Amino acid sequence: VPPGSSGGVTGAGLAGSLAGAVLVAALGRWADPAALPAAMLLPVALAGFSGGLFDSVLGATLQERRRCEACGKITEKTLHCGRGTVPAAGLPGLNNDTVNLLCTAFGAVAAGIWMYFINL
């Protein structure tokens with residue numbers, strides 16, 4: 001897919017996603033060690049990374065994509081080139097905001113799953 005398209009995955013993007021998840025987990029631990037014990041650092045980082053991967057999957061498969069009636073370009077916007085766009089692929093109404101909400105919920109569930117399996 002063209003750079004910046006929903007669902008695109010690269011090695012650099014995966015590495016950045018993993019680094020970001022580790023950084024957020026580490027900052028959470030630093031900010032409040034009692035709220036995020038060291039044993040939870042790995043599950044929290046893996047949950048963040050899992051949520052990012054889920055975002056790419058939804059973006060590439062189910063997120064609504066629209067076609068500009070003026071130039072034919074595929075976009076996520078309802079207006080492009082000053083004109084309306086029409087649905088081209090994906091589920092109507094499943095926009096980027098909804099995908100982000102679903103991925104956040106997925107990350108929360110993933111944290112519990114990772115905690116269970118890592119702390120068996």
Side-chain angles (χ1 to χ4, degrees):
V1 297
S5 298
S6 290
V9 176
T10 64
L14 288 173
S17 179
L18 181 59
V22 169
L23 178 64
V24 168
L27 287 174
R29 168 88 175 135
W30 174 78
D32 191 353
L36 186 61
M40 290 181 65
L41 282 173
L42 180 60
V44 167
L46 288 173
F49 184 66
S50 298
L53 287 177
F54 190 59
D55 184 271
S56 291
V57 169
L58 287 182
T61 59
L62 299 179
Q63 185 172 331
E64 181 180 38
R65 289 174 296 286
R66 304 180 65 83
R67 189 178 78 264
C68 176
E69 293 185 300
C71 71
K73 181 179 178 182
I74 298 296
T75 181
E76 297 174 5
K77 298 177 181 177
T78 56
L79 290 175
H80 194 266
C81 295
R83 296 188 56 195
T85 58
V86 295
L91 297 176
L94 187 61
N95 62 18
N96 192 59
D97 293 334
T98 306
V99 167
N100 289 340
L101 175 67
L102 292 171
C103 294
T104 300
F106 180 86
V109 171
I113 293 169
W114 283 114
M115 277 298 295
Y116 176 79
F117 284 109
I118 289 174
N119 292 313
L120 282 180

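These figures come from a predicted structure and were not determined experimentally. Only this structure's heavy atoms are used, side chains among them; waters, hydrogens and symmetry mates stay out.
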Student: Rounded to the nearest 0.5 Å, how far apart are CD of Q63 and CG of D97?
Tutor: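 Atom-to-atom, Q63:CD and D97:CG are 9.0 Å apart.
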Student: Can you tell me how far apart CE (M40) and CD1 (I118) are? Round to the nearest 0.5 Å.
Tutor: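 These two atoms lie 10.5 Å from each other.
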Student: Could you tell me the separation between the NZ atom of K73 and the OG1 atom of T85, rounded to the nearest 0.5 Å?
Tutor: 12.0 Å
Student: Could you report the tightest heavy-atom contact between P37 and A34, atom names first, then the distance?
Tutor: CD-O, 4.1 Å
Student: Can you tell me how far the CG atom of L94 sits from the CD atom of E76, to the nearest 0.5 Å?
Tutor: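 Atom-to-atom, L94:CG and E76:CD are 10.0 Å apart.
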Student: Check whether L14 and V22 end up in the same hydrophobic cluster, where Ile, Leu, Val, Met, Phe, Trp and Tyr are linked by side-chain heavy atoms less than 4.5 Å apart.
Tutor: yes
Student: Would a single hydrophobic cluster contain both L62 and F106, if residues Ile, Leu, Val, Met, Phe, Trp and Tyr are joined by side-chain heavy-atom contacts under 4.5 Å?
Tutor: yes
Student: Between CG of L42 and CE of M115, what distance do you get to the nearest 0.5 Å?
Tutor: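 Between L42 CG and M115 CE, I get 10.0 Å after rounding to 0.5 Å.
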Student: Quick one: closest heavy-atom pair of A88 and I74, and the distance?
Tutor: CB-CD1, 3.9 Å
Student: Just how far is it from atom CG of L41 to atom CG of L46, taken to the nearest 0.5 Å?
Tutor: 10.5 Å
Student: Measure the shortest side-chain to side-chain distance between L36 and D32 over non-hydrogen atoms and say whether it is less than 4.5 angstrom.
Tutor: no
Student: Hey, are the side chains of C68 and C81 touching, using non-hydrogen atoms and a 4.5 Å cut-off?
Tutor: yes
Student: Does L58 share a hydrophobic cluster with L91, counting links as ILVMFWY side-chain heavy atoms below 4.5 Å and allowing steps through other members?
Tutor: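 Linked within one cluster.
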Student: For residues 51-67, which residue pairs qualify under salt bridge (charged side-chain N to carboxylate O under 4.0 Å, His left out), counting only residues two or more places apart or in two chains?
Tutor: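 Those involving residues 51-67 are E64-R66.
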Student: Can you name the closest pair of heavy atoms from C103 and G51 and give their distance?
Tutor: CB-O, 3.7 Å
Student: Which pair of non-hydrogen atoms, one from W114 and one from A47, has the smallest distance, and what is that distance?
Tutor: CD1-N, 3.8 Å
Student: Among the clusters formed by ILVMFWY side chains lying less than 4.5 Å apart, do I113 and L102 turn up in the same one?
Tutor: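 No, because I113 and L102 fall into different hydrophobic clusters, even though each may have its own neighbours under 4.5 Å.
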Student: Is there a donor-acceptor pair under 3.5 Å between the side chain of S17 and the backbone N or O of G13?
Tutor: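 The answer is no, because no donor-acceptor pair under 3.5 Å joins these two groups.
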Student: Hey, any chance V24 and V44 share a hydrophobic cluster, counting ILVMFWY side chains that come within less than 4.5 Å of each other, even indirectly?
Tutor: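 Looking at the clustering, V44 is in a separate group from V24.
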